[in-house]
Amino acid sequence: MPQVEGDGRGKIVTAPDGTRYYADTQKTTVTTKKNGGKGGGKKSSGRRSGGSRRSGTDLSAIELRARLKEEEEARKAAREIEKEERQAKRKAEEEARKAKQKAMEERRKKEERAEAMAQLMGFLEQQLNEELVSAQRWYDNQMMSVEDLYKGMDMSLAQERDQTLEGLKSDYDAGKKKTNKGIDNQLTEAYVQKMMNERGLGQKMAALGQSGGPSESILLGLANLYGKNVSALETTRASALSDQWLAYNNAKRDAEGSYLKSLSSNKNNLIKDKQSVSSSYADMISKARGEYDKRKATALQQMI
């Protein structure tokens, strides 16, 4: 701002550049500074001359006002620039604040989405695990049921085999007993017949008046006949018992063969049924995982 002071002739104004002048338009005496020093300037005074300058450093009031106007305009321009700079700064700060707020909001939303996604993924994984556990439980129950089924069938086959063998043994023993009894009865009859023949021959000879009983040759003949009968009967017994033994063993072999064949068939069917259960279990696992992937993809698409 220009500084104002006074002397005996009027008010003296000191401009910002160091130039001094009288504020009265009729007084044009001006003091100037030379070499930029304070108080080192040479005073030049002028008299009233109707507004004319006395030297090149004398400035008229009009020129001074023009300079002051220019300075005021410069200050105004500087203020405008300063104002624009402050506005630009405030605008930049506001934009930075909004950008920071936006970034924080986006971060918050991102964290919320991440948390929601984590919860959703946790729910989907829990659902998948429940389905897998259910499938595993179904698999274990099916396998146990299949094994119990064939174990029961094998036990039934074993019981049938044992009953068949017991029946065969009973039939064999009964046939053997019957054969022995029949041969024993025939042997008894042969012996009785031998004794009756010997007695009847003695009585017949006595009736004919012959004494001393049957001759040794006759008795020997009767004994030989009896021995042949006994031998024939024992041969018949042995043959019958042998046939019965062979028939019994063949029946046992057939029963064992049928039992083993049925066991083998059950074993093959058990393997096939287990494979079927395993295949169904694999399909359940694959379906569960496929549904999980589908639900996961849908959830991710919705979260974008």
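All values below come from the heavy atoms of this structure, side chains included, with hydrogens, waters and symmetry mates left out.
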- Other residues, nucleotides, ligands: >12 heavy atoms within 6.0 Å of Arg79 CZ: yes
- Could you tell me whether Glu72 and Arg75 have a side-chain N and a carboxylate O separated by less than 4.0 Å? yes
- Message: Would you say Tyr150 and Asp273 are linked by a side-chain donor-acceptor pair, where the criterion is simply a distance under 3.5 Å?
- Response: yes
- Message: If you define the side chain from C-beta out and look only at heavy atoms, does anything of Leu225 sit under 4.5 Å from Lys194?
- Response: no
- Task: Please examine the side chains of Gln244 and Leu241, heavy atoms only from C-beta on, and report whether any two atoms are closer than 4.5 Å.
- Result: yes
- Pairing of Lys274 and Glu147 as salt bridge, 4.0 angstrom limit: yes
- Go through the steps for Glu125 and Asn129 under the test side chain to side chain donor-acceptor pair (under 3.5 Å), then give the verdict. CA-CA 6 Å; Glu125 289 177 1; Asn129 290 332; 5.8 Å; no
- Salt-bridge contact Lys252-Glu256 (side-chain N to carboxylate O under 4.0 Å): no
- Task: List the steps and the verdict of salt bridge (charged side-chain N to carboxylate O under 4.0 Å, His left out) for Glu166 and Lys169.
- Result: CA-CA 5 Å; Glu166 288 177 0; Lys169 183 66 166 57; over 6 Å; no
- Nearest 0.5 Å, what's the CG-CG distance between Leu149 and Asn266? 8.5 Å
- Message: Closer than 4.0 angstrom, basic N to acidic O: yes or no for Asp283 and Lys287?
- Response: no
- Contacts of Tyr281 meeting ring pair (Phe, Tyr, Trp, His ring centres under 6.0 Å) (sequence neighbours excluded), chain-then-number -> Tyr139
- Using a cut-off of 6.0 Å, state whether more than 12 heavy atoms not belonging to Ile62 lie near its atom CD1. no
- Sub-4.5 Å side-chain heavy-atom contact between Asn268 and Ser264: yes
- Decide side chain to side chain donor-acceptor pair (under 3.5 Å) for Tyr248 and Asp171; before the verdict, give the C-alpha distance in whole Å, the side-chain angles of both, and the deciding distance to 0.1 Å. CA-CA 8 Å; Tyr248 170 60; Asp171 291 344; over 6 Å; no
- Is Glu112 paired with Lys109 through a side-chain N to carboxylate O contact shorter than 4.0 Å? no
- Do the charged groups of Arg237 and Asp184 touch, with an N to O distance under 4.0 Å? yes
- Query: Any ion pair linking Lys76 and Glu71 (charged N to carboxylate O, less than 4.0 Å)?
  - Reply: no
